[in-house]
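Reviewing the structure listed below.
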Amino acid sequence: LDFYAASCPNVEMLVKNAVRSVSSTDSTLPGKLLRLLFHDCMVEGCDGSVLLRGNGTERTDPANKSLDGFSVVESIKQLLEVLCPGTVSCADILALAARDAVEMTGGPSAEVPMGRRDGRVSSASSVRSNIVDTSFTLDQMIHLFNSKGLSLDDLVTLSGAHTIGFAHCSAFSDRFEVDSNGRLKLIDGSLDKNYVAQLMNQCPVDANESTTVSNDPETTFVFDNQYYRNLVASKGLFQSDSVLFSDKRTREQVENFAESQEGFFGRWGESFMKLTVVDVKTGNEGEIRRECNVING
Ligand code: HEM
Ligand SMILES: [Ca+2]
Ligand SMILES: [Ca+2]
């Protein structure tokens, strides 16, 4: 926790101020940073591999197409290279920024250990097998999370991240089909009717590719337990959200979190910390990148 105490004592404050400053003009940033960390940690561990640009990198895989927030991490790095050159890894910056994003939107604060090294490998071909798809069964999600040291409890808790942010229409189009009249029809009858009507309205058949809807329409920009209330009310956006309430292995925890925001917040810190240390590189592994979007030459 005090990894940079001597080498860059103000790093936490600097990252926090930067995230706060950009978020005050762009309220969509916190969600982007939180998702960016998730996608980083699942592939090659929390090593900043997702931040690398170029042909064939993780970013070029379709599953990462809608990731955003890169430029904020890059500019925080530029600032830190002036204040503490060659010291703070991009992987650590991203972990701190995601932690701050949650706190800044009203969520719990969490302790994030530092000392991650940046990876030198980023390959699109590693993305598909390590990123959860919205069509996954609960068993598939459990399996993937377990392989990263994350439990069923962690899966339910971390999915609460969908209390903020947005999703493109294509991200949940598998829940609808186009009928013979060219209209959208719900495949999965378990969703709340009004919610479905709302989604169809926002995402018509001819919706623009860039159209998005709120993950949590009730409190889009607030990190609260509304996500779990939505699940209980049959208003989960993705199939992978809804299944957390429909499957009896996870229903009770969803109900608990829906009833108690303290319960959710109380669990968040531990699960989030576990996410931020997935397969980390330490010691002499990897490197401290000078720029977050490219490995050192
Ligand atoms: C467990 C299975 C999960 C699945 C299948 C999933 C899938 C998705 C999808 C498809 C989107 C919409 C992306 C878009 O269309 O732009 C999304 C958004 C998001 N996800 Fe997840 N996710 C999962 C878990 C998580 C976890 C564990 C976190 C973080 C701890 C997370 C954080 C987010 C955030 C913050 C957004 C909003 C992003 C934004 O506003 O740009 N998700 N997720
Ligand atoms: Ca990574
Ligand atoms: Ca919310």
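Position 1 is the first residue of the sequence, and the numbers go up from there. These values consider heavy atoms only, across backbone and side chains, with no hydrogens, waters or symmetry-generated copies.
Evaluation of the side-chain contact (heavy atoms from CB on, under 4.5 Å) rule for N55 yields no partner, not counting sequence neighbours. Remark: T282 engages V280, E285 in a side-chain contact (heavy atoms from CB on, under 4.5 Å) (not counting sequence neighbours). Residues satisfying the side-chain contact (heavy atoms from CB on, under 4.5 Å) test with R249, not counting sequence neighbours, are L138, D139, I142, L152, D247. Not counting sequence neighbours, the partners of R128 by the salt bridge (charged side-chain N to carboxylate O under 4.0 Å, His left out) test are D61. With sequence neighbours excluded, the residues satisfying ring pair (Phe, Tyr, Trp, His ring centres under 6.0 Å) with F223 are F264, W268. Considering only residues two or more places apart in sequence or on other chains, N208 meets the side-chain contact (heavy atoms from CB on, under 4.5 Å) condition with S210, T211.
Between K274 and E270, none of the side-chain N atoms (NZ, or NE/NH1/NH2) sits under 4.0 Å from a carboxylate O, so this pair counts as no salt bridge.
Taking CG of L29 as the reference point, atom OG of S24 lies at 10.0 Å (rounded to 0.5 Å). Note: H39 NE2 to E58 CD = 10.5 Å, rounded to the nearest 0.5 Å. A distance of 7.0 Å separates CG in L80 from NZ in K77, rounded to the nearest 0.5 Å. Interatomic distance, CG of L33 versus CZ of F38, reported as 15.5 Å (0.5 Å rounding). Rounded to the nearest 0.5 angstrom, M42 CE and L275 CG are separated by 8.0 Å.
Of the possible donor and acceptor atoms, one in the side chain of T87 sits under 3.5 Å from a partner among the backbone N and O of P85. Within the 3.5 Å criterion, the main-chain N or O of A5 finds no donor-acceptor partner in the side chain of D2. Listed for the S75 side chain is a donor-acceptor partner under 3.5 Å among the backbone atoms of V72. Looking only at distances, a side-chain donor or acceptor of R175 sits under 3.5 Å from a matching main-chain atom of L237. For the pair S49 (side chain) and V43 (backbone), a donor-acceptor distance under 3.5 Å is present. Listed for the R289 side chain is no donor-acceptor partner under 3.5 Å among the backbone atoms of R120. Looking at N130, its side chain does come within 3.5 Å of a backbone N or O of S126 through a donor-acceptor pair.
If you chain together ILVMFWY residues whose side-chain heavy atoms come under 4.5 Å of each other, L52 ends up grouped with I295. Alongside V121, the hydrophobic cluster contains no other residue (criterion: ILVMFWY side chains under 4.5 Å).
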Show me the donor-acceptor pairs, under 3.5 Å and distance only, between side chains in residues 157-166 and residues at least two apart or in other chains.
| unit_1 | atom_1 | unit_2 | atom_2 | d |
| --- | --- | --- | --- | --- |
| T157 | OG1 | D153 | O | 2.8 |
| T157 | OG1 | Q253 | NE2 | 3.3 |
| S159 | OG | L155 | O | 2.7 |
| H162 | ND1 | D241 | OD1 | 3.0 |
| T163 | OG1 | D216 | OD2 | 3.4 |
| T163 | OG1 | V222 | O | 3.3 |
| T163 | OG1 | D224 | N | 3.4 |
| T163 | OG1 | D224 | O | 3.1 |
| T163 | OG1 | D224 | OD1 | 2.6 |

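The closest side-chain heavy-atom distance from Y4 to V88 is below 4.5 Å.
Among residues at least two apart or in separate chains, side chain to side chain donor-acceptor pair (under 3.5 Å) pairs with a member in residues 97-119 are E12-R99, K16-E103, D92-R116, R116-T276. For residues 67-144, the set of pairs meeting the disulfide (SG to SG under 2.5 Å) definition, not counting sequence neighbours, comprises C8-C84, C90-C292. Counting only residues at least two apart or on different chains, the disulfide (SG to SG under 2.5 Å) pairs with a member in residues 96-191 are C169-C203.
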